[in-house]
Every structure is written in structure tokens, then in C-alpha cells.
Amino acid sequence: MSETDMTPRTDAKICGMGHSMKRKEDPRFIRGKGNYVDDIQLPGMLYMDIVRSPHAHARIKKIDTSKALKIPGVLAVIDGPTLAKYNLHWMPTISADTQMVLPIDEVMYQAQEVCAVIATERYIAADGVDAVEVEYEPLPVMVDPHKSLAPGAPVLRKDKKDKKDNLAFHWEAGNKADAERALAACDVVVREQVYLPRIHVASMETCGCVADFNSAEGKLTLYMTTQAPHAVRTVLALVAGHVGLSEERIRVVSPDIGGGFGGKVPVYPGYVVAVAASVVIGKPVKWIEDRMENLQADSFARDYHMKVELGAKKDGTMTALKISTVADHGYANASANPSKFPAGLFSICTGSYDLKHAFCEVDAAYTHKPPGGVAYRCSFRVTEAVHAIERATDALAQKLGMDPAELRMKNFIRPEQFPYKSILGWEYDSGDYPRALKKAMDIIDYDALRKEQAEKRKRGELMGIGVCSFTEIVGAGPSKHFDILGLKMFDSAEIRVHPTGKAIARFGTKSQGQGHETTYAQIVAEELGIPAAHVQVEEGDTDTAPYGLGTYASRSTPTSGAACALAARKIRDKARDIAAHLLEVSPKDLEWEPGKFYVKGAPQMAKTIQECAFAAYTNHPQGMEAGLEATHYYDPPNLTFPFGSYICVVDIDRGTGEVKVRRFVAVDDCGNIINPMIVEGQIHGGLTQGIGPALFEEISYDEEGNISGGSFLDYYVPTALETPKWETDKTITPSPHHPFGAKGVGESATVGAPPAIHNAVVDALAHLGVTHFDIPITPEKVWQELKAKGIAE
Ligand code: CDP
């Protein structure tokens with residue numbers, strides 16, 4: 001399939017790859033018939049609500065539950081000492097750090113869970129929370145990660161016996177001395193401070209669970225909002241095996257999920273307390289966060305302070321890069337990064353450019369803030385890496401007086417260099433960066449825009465053009481490099497074809513709105529010729545789905561998608577033997593076209609996949625196992641490297657400082673496409689989630705650790721009003737190692753959009769000598785800059 005000739009191989013009845021099939025899951029969603037965790041009602045179910053700390057750091061002197069327990073309907077209050085009796089008051093984070101479930105004596109961030117009230121009604125539980133009286137002794141608060149890492153800073157994690165500082169980890173890639181030497185030899189060096197503030201995924205559905213412990217069977221069913229149900233089951237078994245919850249007695253069910261974006265990968269204390277409550281009381285317990293709890297206490301994203309140095313020759317040839325980062329991880333390192341990559345895939349920071357010398361390092365600090373950070377619609381810190389290099393590239397263009405698009409074109413890894421080994425250790429699978437940027441420039445008519453900008457500048461109008469040419473890295477494993485808490489990062493598919501030729505397919509991943517029920521069915525349709533409408537897709541139930549590491553970091557297509565194709569091919573191989581048996585020919589004499597085998601040179605002698613399926617149960621050859629099913633666990637040989645070029649046009653209001661995104665062209669390349677409509681939808685959503693951090697979203701803390709941005713009153717997510725009409729297009733550069741040439745796409749736009757907008761705003765004011773803004777670029781920040789330059793109206 002090429003982007004000009006996207007003719008699918010299958011017809012609309014089969015609806016294999018390349019068809020914009022309408023999403024199979026949507027009829028239930030648009031009718032309000034989705035089945036989310038909060039829709040689950042079980043007989044005798046109780047409700048949990050959580051008492052949270054108003055202080056960022058305090059000693060708990062006393063928890064008085066007496067008034068709460070007098071409220072009719074309040075059944076129990078669970079606190080740290082209760083959990084400590086079962087050794088359940090601490091838990092591992094997914095980064096192998098440790099985190100309190102409930103505190104015994106000290107709270108470490110505002111909104112931390114202190115204790116939980118269990119009641120017969122949700123509102124009674126909330127009344128119980130109000131009636132619990134906690135006496136705190138406030139303690140000194142550390143909110144600044146730089147101060148936290150300074151010598152002599154008070155040690156925050158006193159629970160770690162030998163800890164003498166607040167360094168959560170140090171990680172680096174590349175040769176520091178070499179990069180520094182190369183920078184010193186450059187004609188031009190730009191030094192940019194790029195801060196990506198703490199933000200939140202703010203998914204439509206908050207987190208929650210229903211924990212249902214059946215004491216007669218000794219089995220726990222945990223319905224929960226998780227992107228990685230199998231990993232949760234294993235971790236739960238490792239943590240609570242000693243109280244009888246061994247792995248075969250735990251069923252984790254992740255039903256419909258209303259957006260995850262990485263925020264539903266971590267295990268939050270609320271889940272564990274709800275499980276403990278159900279085990280102790282013997283009834284199902286439901287816990288659903290409210291919006292403010294979600295924003296204030298769940299894992300944050302970003303919070304990377306990056307010092308970027310990029311050097312080049314006079315002609316603009318980029319040669320050396322060095323990035324030193326201070327990462328604020330809050331009170332515990334709870335990021336969802338693979339074990340060997342504590343700073344995720346940050347070393348993709350050389351981006352789309354052929355840089356010969358590079359070094360990056362990350363120092364992660366503990367502070368009195370909620371733990372994290374999650375890869376918000378991002379492959380393990382790729383967003384941070386892309387923002388750093390794309391901002392620095394624009395700063396370099398500005399310093400050299402070169403056009404930013406021209407500078408990029410000059411430095412791109414050339415198409416003939418693929419597979420390309422980056423200086424920081426990655427092997428980029430395929431790409432054609434000049435083509436994507438050229439396409440974006442043609443669509444937006446870049447030269448005409450520059451002329452328009454020059455004319456507007458003469459009239460005193462402020463218009464900016466921002467470019468971002470990003471390279472992504474998605475689809476972890478390979479398992480030899482990637483694991484989470486020791487669990488190797490592969491993924492799985494299991495397909496069963498029923499006697500009548502319909503099928504069920506199950507996966508180790510878990511959709512949160514990405515449309516897996518549709519796209520996986522299309523992969524089966526492509527490989528087997530069974531209409532996608534006849535393929536039922538299931539994910540998220542650990543009792544039925546094959547083991548997998550879940551959905552985040554755009555890994556589903558590169559891993560489970562590949563597993564799906566390979567499982568289907570195993571089925572096709574068996575079906576070929578069955579067809580040969582039915583046609584009384586040798587399997588070697590058969591040709592395949594989607595949906596049927598036929599005899600070479602005699603196409604009228606054919607057996608459909610449905611006939612083969614029926615025979616697999618009614619008339620299979622002697623000596624062959626009955627049935628038609630296969631499982632595949634796919635361990636990718638490499639990651640996939642989707643890419644794209646985005647160009648954004650902004651206008652700035654000199655009276656208010658408001659930035660308006662007037663046009664935004666996004667050219668994406670995710671290799672071969674399963675469903676063009678879904679891919680476009682993924683890009684629209686990702687772009688919208690890209691405006692947020694660039695212009696509006698930030699969670700910050702005052703000196704006492706009080707949050708700002710902890711409710712939708714002051715955490716401003718973009719709405720339809722701020723969202724321009726996205727103009728999308730594509731190039732197609734298949735992945736050479738993926739079974740059907742696909743790359744992931746889910747997060748490309750969230751990664752690529754913020755630097756494009758950021759660059760556009762700086763560009764709008766570049767002629768006035770402005771070189772820098774911190775995101776989010778709020779009207780206030782812009783207006784202050786305009787005022788400083790004497791042009792605010
Ligand atoms: O892991 P996640 O589902 O978030 O990300 P993904 O693998 O990039 O897929 C997002 C959605 O886009 C899924 O429904 C994919 O099947 C679809 N997709 C596609 O149709 N073609 C591609 N080349 C990549 C993704």
C-alpha cells in the first residue's frame with residue numbers, strides 16, 4: 001500500500017487493512033451502553049472514600065475515627081496501622097521504588113491518602129470522610145527539585161535506611177567528554193532552558209475499582225481502570241500472596257476505559273485499600289475518585305527541567321548535543337518506565353538529525369509532591385526529548401539567521417541512511433524525513449506564509465510560524481532490553497476460529513478508546529479473509545486473555561498487532577492443510593487469496609476459510625488435531641520509529657497576549673495503516689492534547705506545597721473553542737521488521753504538537769529579539785513580554 005495508491009487488498013465485505021471501517025465499539029458508546037467500572041453494580045456492594053492530607057509534609061499525631069464510625073451506614077475506617085498488621089501499608093511502584101499505601105506517621109504530599117472510610121452508600125462514605133479528625137504537625141516542605149538535589153538538603157525518604165540525599169536516580173547515555181569537546185569546537189552553540197511543567201492526563205473517566213473478594217472461594221475479582229491488567233495481577237500476587245492472594249486466585253478485569261494516556265498504568269493506593277477492605281469485610285467495595293482527587297493525587301506527567309546545548313558549524317550543520325535534566329519525581333519514583341531505562345527513551349533526543357556527538361543525563365529528585373511521572377500519551381519520555389531538540393533547533397536557526405525549515409532539511413538523517421544507528425544507541429528502522437516536511441510545507445504554502453508574515457510585521461501585526469519534525473520510538477520490547485518490574489515486554493494474541501467461520505480474538509493489550517475492537521478485527525480479516533464484522537475482539541480480562549504487558553506508549557500495533565498477524569498466519573497454515581485434504585491435492589499446489597485457497601491453474605477448485613474452519617471440527621485429516629486456533633507471543637526485534645512534520649501558524653493579540661492557533665498542518669508517517677479513519681482520529685485527539693501543554697496546562701506548587709491546577713477551575717484543558725481545524729496528511733514508510741509494516745501512531749501528535757506551537761509563538765516575536773518562553777505560553781506571559789518590548793496595546 002502506498003499513500004497515493006491506498007487500495008486495500010480486501011473488499012469492503014472483508015474489510016481488512018486500509019478500510020476506514022466504522023468503529024465496532026461505537027454503537028455501545030454513543031448509546032451510553034458502555035460498561036465502565038462505575039457502571040458495575042454487585043449485590044451488597046459497599047463504597048469507599050478517602051481522607052486526604054491538606055499538608056504537603058506533616059506528622060500525623062492522631063486519627064480520630066469515633067465521630068465517623070457513629071454515622072449510620074459507616075462500617076469501617078481503614079488506616080495505615082490496620083494495613084500494617086498485614087504488612088500491606090507499603091507497596092512497590094512500577095519503577096521498583098516504594099510508596100506508602102496508607103501512612104503510619106508521616107504524610108509526604110498534599111492530597112496523600114491518610115485513611116479510607118467504608119460505608120453502605122457513596123455519600124455516607126463522603127460524610128464519614130468529613131467526620132474523621134486528623135491531627136497533623138506540619139513539617140518543612142521541599143518543592144524545588146534543584147534545592148532538593150543540592151548538597152546538605154534534608155533527606156526526604158527517611159524510610160530508606162542508607163539514603164543520604166534526595167537523588168531518586170541518575171541516568172545517562174552517550175559520551176560526555178566527547179560531546180563537550182565537540183560543542184567546544186562548534187562555530188555556534190545555543191543554550192536553551194526547556195522546562196516541561198508538571199501536567200496531568202486528565203482523562204474523561206477518573207480512576208477507580210470494584211474489589212470483590214469471595215471468601216467462600218478465596219478468589220478476588222478486581223474490576224479496575226487499568227491499562228495493564230496482567231501486570232497488575234502479577235504485582236498484586238507478589239505483594240499480597242502472603243495473605244492468600246496467589247495469582248490463580250486473582251482475576252483482574254479492565255472493562256471499558258474512558259481514556260488512560262498513561263495515567264492508568266500505575267497502581268494507586270486506593271486500589272490496594274479497596275482490595276484490603278473487601279478481603280476484611282467480605283463484601284464488594286467500590287472506589288471511584290472524584291475529579292479533584294484525580295488531578296491532585298494521581299501520577300503526574302513531565303516535570304523535566306532540561307538544559308539543552310546544541311552546536312553547529314557556521315553553515316548550519318548540527319554536530320553536537322548535550323542535555324542535562326533535573327526531573328522532579330515527587331515523593332516516590334512511580335514512573336512507568338522500563339527497568340533499564342529510568343528516564344525512559346529520553347535518549348531519542350537526537351531526534352530526526354544526523355548528529356555525530358551527543359550526551360544526555362537525567363538526575364531525578366524527590367520532592368514533597370505526588371509521585372510519578374507517567375508517560376502521558378508518550379513513549380517513555382519521548383515528548384520531553386522531542387521538545388528539547390525541536391526547541392533547540394529553532395533557537396539555532398534564530399541565532400544563525402536561517403529559516404527553521406531549511407535548517408531541518410540540511411540536518412535530517414537522509415532516507416538512504418536507514419536503518420540508521422543513532423549516536424545514542426538506537427537503530428531507526430525506516431524514515432523519509434525530507435519528504436514529510438516538504439509535504440507539510442507544500443500543503444500550508446510555506447513560502448507564501450513567510451511573505452504574509454513579513455508584510456504583517458511591517459503593519460505591526462504578530463504572526464508566527466512554527467515547525468516541528470519529530471521522530472518517535474514506539475513498541476517496546478524487544479524483551480532483551482525492556483521489562484517492567486522484571487516482566488519482559490512482549491505482547492500476545494490468541495485467535496479461535498469457530499466451526500461456522502466466525503472468530504474470537506483476545507489480546508494482552510487493553511484499549512482505552514483507541515478502537516482495538518475494530519483494528520485487531522481488521523488485521524484478522526486481512527490475514528484470514530474472515531470479514532472483520534465476524535471477528536469479536538476481547539481484551540482486559542486476565543482469566544481469558546493471553547498474558548501481555550498492556551497498552552501504553554503506542555505499543556499495541558507494534559506488539560499485539562504483530563502477534564495478531566502471526567497467530568492468524570499460523571491458522572492459515574493449518575487451514576491450508578485442511579483445504580488440501582478437502583481438495584485432495586498437495587498443500588504446495590494451493591494458492592491463497594484473502595478468504596480462500598485455490599488450486600494453482602484451476603481457480604474453480606477452491607475452499608473458503610469458512611469451509612476449512614467447518615472441516616477443522618467436522619472432517620479434519622486423520623492425525624491432525626481438531627480445531628482452528630492459534631496463540632502468538634510476539635517479541636519485537638526492534639522498536640518502530642514513526643515520524644512526522646508539523647507546521648503551525650499563530651496570531652497574537654497585542655491587547656490581551658492571547659495566542660490563537662490559526663492553522664495547523666500535520667503530516668504523519670506510521671508505516672502501513674490498518675484503519676485510516678482511526679489513525680486520523682488518533683492524530684486529531686493527540687493534536688488537541690498538544691495544545692493544552694503548549695498554551696494552558698500546568699500544575700504548580702507554592703512554597704508550602706499547596707497545589708495550583710488541582711481542579712478544572714484552574715487546570716485548563718483545551719475545548720472545541722481553542723481547537724483549530726486540523727489539516728492532516730500522511731506519508732507511508734513501512735517498518736521493515738514489523739510483520740505488516742506498521743508503526744504505532746497513538747501518541748505522535750501529542751509529542752509533535754507542543755514544540756510546533758511553542759516555536760510558532762517565539763517566531764512571532766523573534767524580530768523583537770524574543771528568544772524564549774516557558775510553556776504553557778499563557779496570555780499573561782505573552783502580554784508581559786509585549787509590555788517589556790513596548791508594544792502591548
Ligand atoms: O497502543 P495504542 O493503541 O495506544 O497505539 P497504536 O498502536 O498506535 O494504535 C492506536 C490506534 O490506531 C489503534 O486502533 C491502531 O490499531 C490504529 N493504528 C492503525 O490503524 N494503523 C497504524 N499503522 C497504527 C495504529
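Note that these values count all heavy atoms, side chains included, but never hydrogens, waters or copies made by symmetry.
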What's the separation between atom [atom1] in [X] and atom [atom2] in [Y], rounded to the nearest 0.5 Å?
{"X": "I484", "Y": "T234", "atom1": "CD1", "atom2": "OG1", "answer": "12.0 Å"}
{"X": "L222", "Y": "Y271", "atom1": "CG", "atom2": "OH", "answer": "8.5 Å"}
{"X": "T750", "Y": "L687", "atom1": "OG1", "atom2": "CG", "answer": "8.0 Å"}
{"X": "T778", "Y": "I775", "atom1": "OG1", "atom2": "CD1", "answer": "11.5 Å"}
{"X": "S278", "Y": "M45", "atom1": "OG", "atom2": "CE", "answer": "11.0 Å"}
{"X": "I60", "Y": "C115", "atom1": "CD1", "atom2": "SG", "answer": "8.5 Å"}

Student check: side-chain heavy atoms of [X] and [Y] closer than 4.5 Å:
{"X": "L695", "Y": "I777", "result": "yes"}
{"X": "T206", "Y": "M292", "result": "no"}
{"X": "V37", "Y": "I288", "result": "yes"}
{"X": "Y331", "Y": "M100", "result": "yes"}
{"X": "V362", "Y": "F346", "result": "yes"}
{"X": "P755", "Y": "R391", "result": "no"}
{"X": "E747", "Y": "F261", "result": "no"}
{"X": "D165", "Y": "L149", "result": "no"}

Pair [X]-[Y], side-chain donor/acceptor within less than 3.5 Å:
{"X": "E697", "Y": "Y715", "result": "yes"}
{"X": "D483", "Y": "S339", "result": "yes"}
{"X": "E704", "Y": "H55", "result": "no"}
{"X": "S95", "Y": "D97", "result": "no"}
{"X": "S708", "Y": "N706", "result": "no"}

Please confirm whether the backbone N or O of [Y] pairs with a side-chain atom of [X], one donor and one acceptor, at under 3.5 Å?
{"X": "R291", "Y": "M204", "value": "yes"}
{"X": "S511", "Y": "Q514", "value": "yes"}
{"X": "T325", "Y": "A327", "value": "no"}
{"X": "S379", "Y": "I473", "value": "yes"}
{"X": "D491", "Y": "G550", "value": "yes"}
{"X": "E113", "Y": "G270", "value": "no"}
{"X": "Q227", "Y": "G262", "value": "yes"}
{"X": "S53", "Y": "Q112", "value": "no"}
{"X": "T82", "Y": "D79", "value": "yes"}
{"X": "D39", "Y": "Y36", "value": "yes"}

So does [X] have more than 12 non-hydrogen atoms from other groups sitting under 6.0 Å from [atom1]?
{"X": "K340", "atom1": "NZ", "value": "yes"}
{"X": "K67", "atom1": "NZ", "value": "no"}
{"X": "F712", "atom1": "CZ", "value": "yes"}
{"X": "K147", "atom1": "NZ", "value": "no"}
{"X": "E703", "atom1": "CD", "value": "no"}

At their closest point, which heavy atom of [X] faces which heavy atom of [Y], and how far apart are they?
{"X": "A173", "Y": "S347", "value": "CB-CB, 3.9 Å"}
{"X": "T559", "Y": "A476", "value": "CG2-O, 3.6 Å"}
{"X": "A297", "Y": "A111", "value": "CB-O, 3.7 Å"}
{"X": "I71", "Y": "D127", "value": "CD1-O, 3.7 Å"}
{"X": "W171", "Y": "A343", "value": "CE3-CB, 3.5 Å"}
{"X": "R377", "Y": "T383", "value": "O-OG1, 4.5 Å"}

Criterion side-chain contact (heavy atoms from CB on, under 4.5 Å) on H387 and Y304, from CA distance to verdict: CA-CA 11 Å; H387 208 112; Y304 257 34; over 6 Å; no

Name the orientation class of the two ring planes belonging to [X] and [Y] (parallel below 30°, tilted from 30 to 60°, perpendicular beyond 60°).
{"X": "F341", "Y": "F482", "result": "parallel"}
{"X": "H329", "Y": "F169", "result": "perpendicular"}
{"X": "H305", "Y": "Y195", "result": "parallel"}

By salt bridge (charged side-chain N to carboxylate O under 4.0 Å, His left out) - contacts of D290 (at least two apart): none

Partner residues of E390 under the salt bridge (charged side-chain N to carboxylate O under 4.0 Å, His left out) criterion, sequence neighbours left out: R408

Residues T367, S148; criterion side-chain hydrogen bond (donor to acceptor under 3.5 Å, both in side chains); working and verdict: CA-CA 7 Å; T367 57; S148 169; over 6 Å; no

From CA spacing to verdict: side-chain hydrogen bond (donor to acceptor under 3.5 Å, both in side chains), Q110, H368: CA-CA 8 Å; Q110 193 177 57; H368 286 121; over 6 Å; no

Is [X] salt-bridged to [Y], going by a charged N under 4.0 Å from an acidic O?
{"X": "K264", "Y": "D298", "value": "no"}
{"X": "K160", "Y": "D162", "value": "no"}
{"X": "R59", "Y": "E137", "value": "yes"}

Trace of the side-chain contact (heavy atoms from CB on, under 4.5 Å) decision for Y366 with M142: CA-CA 9 Å; Y366 288 124; M142 174 72 74; over 6 Å; no

Verdict with supporting geometry, N166 and V155, side-chain contact (heavy atoms from CB on, under 4.5 Å): CA-CA 6 Å; N166 296 317; V155 177; 4.2 Å; yes

Could you give the side-chain donor-acceptor pairs of residues 252-259 under 3.5 Å, partners two or more places apart or in another chain?
unit_1, atom_1, unit_2, atom_2, d
S254, OG, T226, O, 2.7
D256, OD1, R28, NH2, 2.7
D256, OD2, R28, NE, 3.1
D256, OD2, N35, N, 2.8

Ring-face cation of R555 near Y552 (centre distance under 6.0 Å, axis angle within 45°): yes

Chi angles and distances behind the side-chain contact (heavy atoms from CB on, under 4.5 Å) call for R251, T542: CA-CA 6 Å; R251 176 182 174 206; T542 56; 4.2 Å; yes

